[in-house]
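Naming convention: chains lettered A, B, ... in sequence-line order (proteins, then strands); numbering from 1 in each chain.
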Amino acid sequence: MTREKLSNSELAEIFQTIADLLEIKGENIYKILAYRKAADSLDNLGREAADIARENGLASIPGVGKAIAEKITELLNTGKLEFLEKLEQEVPAGLVGLLKVPDVGPKKVALFWKELGVTSLSDLEAAARQGRLRTLPGMGEKSEAKVIAGIEALGRRTDRMPLGRAWPAAQELLGFLRQAPGVVRADVAGSLRRMRSTIGDVDLIVAAKDPRPVMDAFIHHPDVLRIVSQGDIKSSVEFTHRLRAQLWVQPPERFGTALVYATGSKDHNVRLRELALTKGLSLSDKSFLNKDGSELLCAEETEVYDVLGLPWIPPELREDHGEVEAALTGKLPRLLERSDLRADLHDHTNWSDGVLSIREMALAAKARGFSILAITDHSGGLGVTGGPTIEQLKDQRLEIDAVQQEMADSIRLLQGTEVEIKADGALDYPDEVLAQLDIVVASLHVSLRQPRPQITKRLIDAIRNPNVDIIGHPTGRLIPDREGADLDMEAVLSAARESGVALEINSHPARLDLDDVYARRAAEMGIPLAVNTDAHAASDLDLVIFGVATARRAWVSPEIVINTWDYGRLRGWLDRRIK
DNA sequence: GCCGTTTTCGGCCCGACTGTTTTCAGTCG
C-alpha cells in the first residue's frame, strides 16, 4: 500500500503542535521558537517538502537544521514521529486546545493540568464554574471569570475573517477615528495592512498629541459589544458582528516607529530589532534608544528603515520571508501596483451570470481606468450560469463588435470565455470554437474533490490545450469555506511553464487564488501571471486591489503580469497559439 | 533548535496591559 506523503501544511501543523506541547512542558523558549519558525517556513515554501527531501535539500529550508530535517524525513518516510509520541506521553495532547482560550497561555495550562488534572476544554470550564481556579497561585476571581468569558468567546468566535470583510470595516473605523479630537492621521496596521488573505484583529493606529480623547471615542463607538482591554496608548474592543479591533495611539513625532511596530509581522519586527542592535540601538514602538539613553524619534516609516540602513519595505513583504536580506543587498523587487494594470481579462456579463450588459461592463471598466477588457462568460455547459451556446457565441461577437465601435479607442474589448474543465477533463467548447475566440480562460468549478492524480491531470490537460491562455482561479479554493483541490502544484506549475500558459491571481477576496505562496513560486519559475477580477458586477472591478495585494505579497513585478502589457503586446502573446 | 564576513558556542526583541502581586508573572502581538 502506498501512503500519500504528508503535505507541507500537515508537517507545519505537527511542528506547531510540538511547539505548543514543549511550551506547556516549560521548554527553552528559543527551542520552541525554532519549531515555530520551521513550521512557518514549511507553510510558505511553495514546493512540497517531500520533493525537497528527495534532493537532500531539507536543511536549506530557512529555520530547518539537522534535528528538524531528520524529523521531517522520519515523518515523510513513516508518517509518524517517535519524538512526538514520547512528548505526548509526557504532556496530554488535549492541552493544546486550551491554548486557544483567550488569556490562557502555556503557563496557565500547565498550572491547571498539574494542580487540577485538567486535560480538556470541558474539564477547564467545569473547574472554572466550580470556583476551583481561583484557589490556584496567581489566580483570583477575576482571572477565573476571564477564563469563563474566554471559553464563551471561543464558542461564538469565528475564525479569522476574510480580507474582503475586514478591509471595508477598517475603512469605516478610520473615518470614525479621523473625526475624534486631535487626530492628525489614522492608518490601518497589522495583517490587514500586510494584506493577508484572512485577518484576525483589525489593527488601527492614530497619531495624536493627547491619546485620551481618541481612546475615549474608540471604546465608546456605538457598535462596541465589549471592551477587551483598555489602556493609555492601546485598547482592544470586540464589535457586534464579531469584528475585533485594536487601536494604538502615539504622538505624531513617534508615528513612524509606531506604525512599523503595529504593522509587523512579529517576525519582521524581530529582524528589525536585531538589525538595530548591531548598530547599538534598541528599537521599540516609541523610538530608537541609544546606549546613552537618548532617543531618536521617527515620524515616518521611511526614517525608521533609513536609520537601519534599509530602503522602505512595502508592508506586503514584511513577513520575514527574505525581505530584510533583499533590502540589505538592494534586491527588493519593484512590486506590481494598481496603476500598472491596463487590462481585466476575466469578466462576466448578462450573457451568463453577470448582471451588466457588455456595454455597461465596458463603461464600468473604462471608468476605472482599464483600457482592455475581456468578456469571458461561462461556457454553456456549466448549468447554473446559463452561458452562451456555440451558436449564441456568434451573436455575442456581434454585440461586442457594436459596443467596440461605439467606444472606439477608449477601450479594447476581447471576446473570450471562461470555459469549464469538465469532470472528465474535456473542455466545454470544442477546440475549433475556442480557436475563434480572442482569449480563453479555463477553470475548474465541479468535481473539485477528485483524487490528486486525477484532478492534477485534468488541469494539466487544460494547460496543454493550445487554445487555453489563462487558468482561472487554479485551485478553486473558497475562503473561508473550501480548501482548494488536492493538486500536485509542482506538476501544474511545470506544465504552465512549458506551455507558456498564464496562471490567474483571482482578485475576489473569497478566492485570492493563486495564493501568495504559489504565486511567488510561479513568478520565480517565470510563469506569466494574470491579475483578474472575475467581475460579475461593476463594483466587483474594485476588488482588483486584493489581487494586486496578493501579487505584491508574492513579490511579483509588473513585467510578468500580462494585464500590464499594452494591447499590441498582449495581442501578440494571445496569437502565439497555433489556431 | 538554529545560526554565524565580528561567533561552531552563546546568543537568540520589546513593551503594554491585566491581575495578582507589594515588585512581578503571564499573555499578547
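Applying the Watson-Crick and G-U wobble criteria (two distances, each under 3.5 Å), dT8(B) pairs with nothing in any strand.
Contact annotation: Lys66(A) side-chain N/O to dC3(B) OP1/OP2 distance is not under 4.0 Å.
For the side-chain contact (heavy atoms from CB on, under 4.5 Å) test with Leu204(A), the passing option among Val206(A), Asp201(A), Val202(A) is Val202(A); the others fail.
The nearest whole Å value for the distance from the CG atom in Asp320(A) to the P atom in dG29(B) is 19 Å. Between the CG atom of Leu204(A) and the P atom of dG29(B) there is a distance of 15 Å, given to the nearest Å. One can place CD of Glu274(A) at 12 Å from P of dC3(B), the figure rounded to the nearest angstrom. For the pair Asn269(A) CG and dC28(B) P, the interatomic distance rounds to 18 Å; values are reported in whole Å. When the P atom of dG11(B) is taken as reference, atom CD1 of Ile29(A) falls 18 Å away, rounded to whole Å. Here the P atom of nucleotide dC12(B) and the NZ atom of Lys266(A) are 15 Å apart, to the nearest Å. Distance, Glu295(A) CD to dC14(B) C1': 14 Å, rounded to whole Å. At whole-Å resolution of the value, CD in Glu27(A) and P in dC2(B) are 13 Å apart.
With sequence neighbours left out, Ala69(A) forms a side chain to side chain contact (heavy atoms under 4.5 Å, CB included) with Leu58(A), Val64(A). Considering only residues two or more places apart in sequence or on other chains, Ser197(A) meets the side chain to side chain contact (heavy atoms under 4.5 Å, CB included) condition with Arg477(A), Ile479(A), Leu512(A). Residues forming a side-chain hydrogen bond (donor to acceptor under 3.5 Å, both in side chains) with Thr257(A) (at least two apart in sequence, or on another chain): none. Annotation: side chain to side chain contact (heavy atoms under 4.5 Å, CB included) contacts of Glu13(A) (sequence neighbours excluded): none. Taking Leu99(A) as the reference, Asp20(A), Ile24(A), Pro106(A), Val109(A) meet the side chain to side chain contact (heavy atoms under 4.5 Å, CB included) condition, with sequence neighbours excluded.
Contacts of Ser236(A) with the nucleic acid, taken as non-hydrogen atoms under 4.0 Å apart, are absent.
Contacts of residues 30-61 of chain A with DNA chain B (heavy atom under 4.0 Å): Tyr30(A), Lys31(A), Ala34(A), Tyr35(A).
Between the side chain of Asp306(A) and the main chain of Thr302(A), no donor-acceptor pair closer than 3.5 Å is present.
A salt bridge is absent between Arg318(A) and Glu323(A): the closest approach of a Lys/Arg side-chain nitrogen to an acidic carboxylate oxygen does not fall below 4.0 angstrom.
Evaluation of the side chain to side chain donor-acceptor pair (under 3.5 Å) test over residues 544-554 of chain A, restricted to residues two or more places apart or in two chains, returns Glu316(A)-Arg552(A), Glu319(A)-Arg553(A), Asp516(A)-Arg553(A). Judged as a ring-ring contact (aromatic ring centres under 6.0 Å, His included), not a single pair has a partner in residues 83-119 of chain A (not counting sequence neighbours).
Comparing dC2(B), dG15(B), dT27(B) by their closest approach to the side chain of Tyr261(A) singles out dG15(B). Of the candidate nucleotides dT27(B), dG1(B), dC14(B), dG1(B) has the atom nearest to the side chain of Ile68(A). For Pro106(A), taking side-chain heavy atoms from C-beta onward, the closest of the listed nucleotides dT27(B), dG1(B), dG15(B) is dT27(B).
Anti is the classification of dT20(B), since its glycosidic angle lies more than 90° from 0.
Of the two residues contacting DNA chain B, namely Val270(A) and Pro62(A), the nearest-nucleotide position lying further toward the 5' end is that of Pro62(A).
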> What string of B, S and - do you get for nucleotides 16-22 of chain B, 5' to 3', when a contact is any protein heavy atom under 4.0 Å?
Replying inline: SSSSS--
